S.K.: 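Shown below is the structure under consideration.
The sequence lines fix the lettering, A, B, ..., with proteins before strands; numbering per chain opens at 1. Worth saying up front: this structure is predicted, and the values here are computed from it rather than measured.
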Protein chains: 2
Amino acid sequence: MSDAGTGAPREASVDVIQRELTAFARRARAAAARVHPEIPLVSYTLLAHIEEQRGCRATDLAAHYLLDKSTVSRQLAGLEKLGLVERRPAPEDHRVQVLHPTEAGLRVLATAQANRLAAYQERLKDWSSEDLDRFAGYLLRYNAAGPADLSGPR
Amino acid sequence: MSDAGTGAPREASVDVIQRELTAFARRARAAAARVHPEIPLVSYTLLAHIEEQRGCRATDLAAHYLLDKSTVSRQLAGLEKLGLVERRPAPEDHRVQVLHPTEAGLRVLATAQANRLAAYQERLKDWSSEDLDRFAGYLLRYNAAGPADLSGPR
DNA sequence: AGCTTTCAGTTGTATAGTACAACGGTTCTT
DNA sequence: AAGAACCGTTGTACTATACAACTGAAAGCT
């Protein structure tokens with residue numbers, strides 16, 4: 001069964017969590033770049049979100065990922081150039097563009113997702129289903145607490 | 001007690017883990033930049049490692065964080081310019097420089113660490129000690145699997 | 001010893017990702 | 001209709017990063 005946990009006091013646990021999440025974050029980019037060199041690859045994340053939402057606006061992406069709208073704008077420009085995303089003017093509001101993955105975008109996304117998942121499957125292959133389930137639960141809970149407040153006191 | 005976990009099948013858990021870790025990683029940088037704007041701040045991580053190791057070489061840092069040595073070199077140059085790190089030539093081997101935090105470095109580190117920890121404490125304040133402990137354990141286990149292999153098949 | 005290989009770190013160059021500020025259109029509110 | 005609020009783009013700048021070429025130092029082999 002679960003072998004996670006060491007009976008450490010609260011502060012120590014928080015410290016470990018902080019440290020390990022940070023370590024993960026640092027490595028994530030380099031790793032991501034290796035998984036799918038084909039797609040510029042933060043873009044991948046945006047594309048995934050667009051697909052999930054079945055169409056969304058640039059502003060939504062910015063809000064969701066805490067990115068500046070200029071950043072999103074440029075990422076989208078890249079995705080469009082690659083033919084992975086399509087912008088459709090919204091008839092209702094001429095300011096907005098509704099974003100949709102193209103066919104090619106969906107394909108790329110599916111492949112990348114499969115690769116990613118395979119990599120994670122491999123990495124987690126020795127974990128019990130119970131541990132996986134709990135770990136997933138904790139991560140959800142952690143992230144659900146709201147995007148911004150890793151930031152602490154400004 | 002723990003409310004993590006949903007009884008989901010393996011694949012779904014892995015998918016959630018993948019997704020949530022990625023979400024975290026994406027947000028981490030922006031958040032980090034807010035926590036301590038004073039220190040260029042990946043540098044912070046390197047500084048922390050130097051301190052922990054009680055002196056180490058640039059190459060060690062590169063290996064540990066999967067960074068190119070040029071990257072580390074520049075980061076260190078920055079830290080040195082800020083007076084946070086000191087390079088001491090190794091008497092045994094004139095190629096290497098042993099890195100040590102300066103007094104100022106230790107101070108900055110302590111402050112930053114305190115801020116970070118406070119931010120995490122706040123974010124995790126509603127978690128039970130047991131959940132914290134287990135979450136920490138899972139993260140350790142995940143990261144311990146080795147730095148490189150999020151990358152999957154090259 | 002002398003030559004070659006290997007290792008540590010720096011520097012040149014290029015790229016992604018990002019932010020902030022300024023701007024041009026568009027829509028909403030008085 | 002005027003002003004405020006909003007959506008997206010573009011100009012500019014900076015951090016983090018990689019790769020490749022290079023210098024200097026140590027180690028290994030004849």
S.K.: Consider only side-chain N and O atoms of Glu20(B) and Tyr142(A), and report whether a donor and an acceptor are under 3.5 Å apart.
M.R.: no
S.K.: If you group Ile, Leu, Val, Met, Phe, Trp and Tyr by side-chain heavy-atom gaps below 4.5 Å, do Leu82(B) and Leu47(B) land in one group?
M.R.: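 Yes, Leu82(B) connects to Leu47(B) through the hydrophobic network.
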S.K.: I'd like a list of close polar pairs between nucleotides 10-13 of chain D and the protein, N/O only, cut-off under 3.5 Å.
M.R.:
from	atom 1	to	atom 2	distance (Å)
dG11(D)	N7	Arg74(A)	NH2	3.3
dG11(D)	O6	Arg74(A)	NH2	2.2
dT12(D)	O4	Arg74(A)	NH2	3.1

S.K.: Base contacts versus sugar-phosphate-only contacts with protein, heavy atoms under 4.0 Å: please encode nucleotides 24-30 of chain C as B, S and - from 5' to 3'.
M.R.: -BBS---
S.K.: Taking only residues two or more places apart in sequence, or in another chain, which ones meet Lys81(A) in a side-chain hydrogen bond (donor to acceptor under 3.5 Å, both in side chains)?
M.R.: none
S.K.: For the pair made of CG in Leu79(B) and P in dT15(D), what is the distance, rounded to whole Å?
M.R.: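 Answer to the nearest Å: 13 Å.
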S.K.: Under a single-linkage rule joining Ile, Leu, Val, Met, Phe, Trp and Tyr whose side-chain heavy atoms are separated by less than 4.5 Å, which residues share a cluster with Val16(B)?
M.R.: Leu140(A)
S.K.: Hey, does Leu76(A) reach any base, or is it just sugar-phosphate, or nothing, if we go heavy atoms under 4.0 Å?
M.R.: nothing
S.K.: Please enumerate all residues that pass side chain to side chain contact (heavy atoms under 4.5 Å, CB included) together with Ala114(A), with sequence neighbours excluded.
M.R.: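 Scan of Ala114(A) (side chain to side chain contact (heavy atoms under 4.5 Å, CB included), adjacent residues dropped) gives none.
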S.K.: Once side chain to side chain contact (heavy atoms under 4.5 Å, CB included) is applied, do any residues pair with Gln97(B), and if so which ones, sequence neighbours excluded?
M.R.: Arg87(B)
S.K.: Given atom OH of Tyr44(B) and atom C1' of dA16(D), what is their separation to the nearest angstrom?
M.R.: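 So the OH-C1' distance, Tyr44(B) to dA16(D), works out to 18 Å.
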S.K.: Holding to salt bridge (Lys or Arg N to Asp or Glu O under 4.0 Å), I want the full list of residues that pass it with Arg107(B), two or more places apart in sequence or in another chain.
M.R.: none
S.K.: For Arg87(B) and dA8(C), what is the distance between atoms CZ and P respectively, to the nearest whole Å?
M.R.: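 Rounded to whole Å, this separation is 15 Å.
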S.K.: From OH of Tyr65(A) over to C1' of dA16(C), roughly how many Å is that when rounded to an integer?
M.R.: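 Whole-Å distance recorded here is 18 Å.
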S.K.: Could you list the residues that satisfy ring pair (Phe, Tyr, Trp, His ring centres under 6.0 Å) with His49(B), not counting sequence neighbours?
M.R.: His64(B), Tyr65(B)
S.K.: Can you tell me the distance, in whole Å, between the CG atom of Leu61(B) and the P atom of dT10(C)?
M.R.: 12 Å
S.K.: Please determine if a side-chain N or O atom of Thr59(B) lies less than 4.0 Å away from the OP1 or OP2 oxygen of dC7(C).
M.R.: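 Indeed not, no polar side-chain atom of Thr59(B) lies that close.
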S.K.: When the distance from NE2 of His64(B) to C1' of dA8(C) is rounded to whole Å, what number comes out?
M.R.: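 The answer, rounded to whole Å, is 19 Å.
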S.K.: Please tell me if Gln75(B) has a side-chain N or O lying less than 4.0 Å from either OP1 or OP2 of dT15(D).
M.R.: no
S.K.: Expressed as a whole number of angstroms, how long is the span from Arg57(A):CZ to dT9(D):C1'?
M.R.: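 Computing the Arg57(A):CZ to dT9(D):C1' distance gives 16 Å.
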S.K.: Got a sec, which residues hit side-chain hydrogen bond (donor to acceptor under 3.5 Å, both in side chains) with Arg88(B), two or more places apart in sequence or on another chain?
M.R.: Glu86(B), His100(B)
